[in-house]
Amino acid sequence: AHKCNLIGNWTNELGSNMTIVKPTPGTIFTGSYFTAVTVENGTVIKESFLYGAEDDQHSDQPVFGFVVNWSFTVSISDFIGQCFVDGEGVEKLETMWLLRAKADSSGDNWKATRVGSNLFFRPNK
Ligand code: BTN
């Protein structure tokens with residue numbers, strides 16, 4: 001199978017869209033993320049910046065991590081995952097994430113982190 005390529009457009013099972021670009025060759029990438037969902041109902045969603053790194057040296061199915069700094073609210077998401085290519089050459093990203101919200105005080109720190117998973121695939125268009 002060909003090397004799994006992070007660059008380009010991706011959609012996940014929530015309907016969120018992201019685009020990954022590589023401004024320079026190597027492990028570092030940037031991109032943009034348009035989430036389909038938010039923690040608070042009624043939030044006006046805007047495109048948000050992401051940056052990350054992949055291990056492109058040791059595997060054709062690289063592991064990676066990236067940070068999304070949400071532009072429309074006070075929270076940060078970290079995603080980690082791996083890019084896989086199946087027998088038909090179809091790419092997917094299997095990820096897990098942590099979402100850090102702002103706690104009003106240290107006493108509320110315990111409830112400020114959410115965890116979950118997302119599967120990203122290439123959009124049909
Ligand atoms: C917020 O509401 O605090 C910011 C948006 C968070 C969106 C989360 S990040 C993990 C999950 N995957 C997505 O595509 N969207 C949600």
Side-chain angles (χ1 to χ4, degrees):
H2 64 86
K3 184 178 170 75
C4 196
N5 180 16
L6 282 175
I7 297 170
N9 296 324
W10 296 95
T11 300
N12 70 23
E13 74 277 35
L14 297 170
S16 298
N17 293 303
M18 72 169 174
T19 302
I20 291 179
V21 297
K22 253 196 188 187
T24 53
T27 60
I28 305 299
F29 59 84
T30 64
S32 58
Y33 202 109
F34 202 95
T35 184
V37 296
T38 55
V39 171
E40 302 288 343
N41 293 324
T43 306
V44 177
I45 297 168
K46 295 198 184 103
E47 193 171 59
S48 300
F49 185 73
L50 70 83
Y51 71 96
E54 68 166 320
D55 174 20
D56 64 352
Q57 297 291 311
H58 305 103
S59 169
D60 281 349
Q61 300 194 103
V63 296
F64 59 86
F66 63 84
V67 176
V68 187
N69 185 4
W70 300 107
S71 63
F72 53 86
T73 186
V74 188
S75 56
I76 293 264
S77 293
D78 272 29
F79 289 78
I80 48 168
Q82 187 169 351
C83 191
F84 291 104
V85 184
D86 71 15
E88 275 78 56
V90 176
E91 296 166 322
K92 64 177 175 181
L93 308 180
E94 303 225 38
T95 71
M96 292 193 67
W97 50 261
L98 293 172
L99 171 57
R100 173 70 199 204
K102 180 176 166 291
D104 289 335
S105 68
S106 168
D108 284 342
N109 185 64
W110 64 271
K111 60 179 175 181
T113 304
R114 290 174 169 81
V115 61
S117 61
N118 280 137
L119 177 63
F120 292 85
F121 42 90
R122 297 293 190 181
N124 336 298
K125 65 160 178 158

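Just follow the structure's listing: the first ligand is 1, and inside any ligand the first atom is 1. Scope of the values below: all heavy atoms of this structure, side chains included, with no hydrogens, waters or symmetry mates.
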Identity and distance of the protein heavy atom lying nearest atom 2 (O) of ligand 1: V39 N, 2.8 Å

Give the atoms of ligand 1, by number and element, whose distance to some non-hydrogen atom of S77 is under 4.0 Å. 9 (S)

Quick check on N109: does its CG atom have over 12 non-hydrogen neighbours (other residues, nucleotides or ligands) under 6.0 Å away? yes

Taking atom 11 (C) of ligand 1 as the reference point, the nearest protein heavy atom with its distance: N118 OD1, 3.7 Å

Taking only heavy atoms of W97, which atoms of ligand 1 are found under 4.0 Å from at least one of them? 10 (C), 11 (C)

Can you classify the ring geometry of F72 versus W70 as parallel (below 30°), tilted (30 to 60°) or perpendicular (above 60°)? tilted

Considering only the protein, which heavy-atom contact is closest to atom 16 (C) of ligand 1, and what is its distance? V37 CG2, 3.8 Å

Is ligand 1 under 4.0 Å from a heavy atom in the side chain of N12, in the backbone, in both, or in neither? side chain

Test your reading of the model: is there a side-chain donor-acceptor pair from K3 to the backbone of S59, 3.5 Å cut-off? yes

Is it true that atom CZ of F84 has more than 12 heavy atoms of other residues, nucleotides or ligands lying nearer than 6.0 Å? yes

Any N/O of T38 closer than 3.5 Å to an N/O of ligand 1? no

In this structure, CD of Q61 is separated from SG of C4 (nearest 0.5 Å) by 6.5 Å

Interatomic spacing from CG in L99 to OG1 in T113 - rounded to 0.5 Å: 8.0 Å

Determine whether a donor-acceptor pair (N or O, by modelled atom type, separation under 3.5 Å) exists between the side chain of E47 and the backbone of S32. no

Does the N or O separation between E40 and ligand 1 drop below 3.5 Å for any pair? no

Among non-hydrogen protein atoms, atom 13 (C) of ligand 1 lies closest to Y33 OH, 3.4 Å

Any idea which atoms of ligand 1 are less than 4.0 Å away from a heavy-atom of S16? 13 (C), 14 (O), 15 (N)

From the options D78, T95, T35, select the one whose nearest heavy atom is closest to atom 8 (C) of ligand 1. T35

Identify the protein heavy atom lying closest to atom 3 (O) of ligand 1, giving its residue, its atom name and the separation to 0.1 Å. S75 OG, 2.8 Å

With a 4.5 Å cut-off on side-chain heavy atoms, are L14 and T35 touching? no

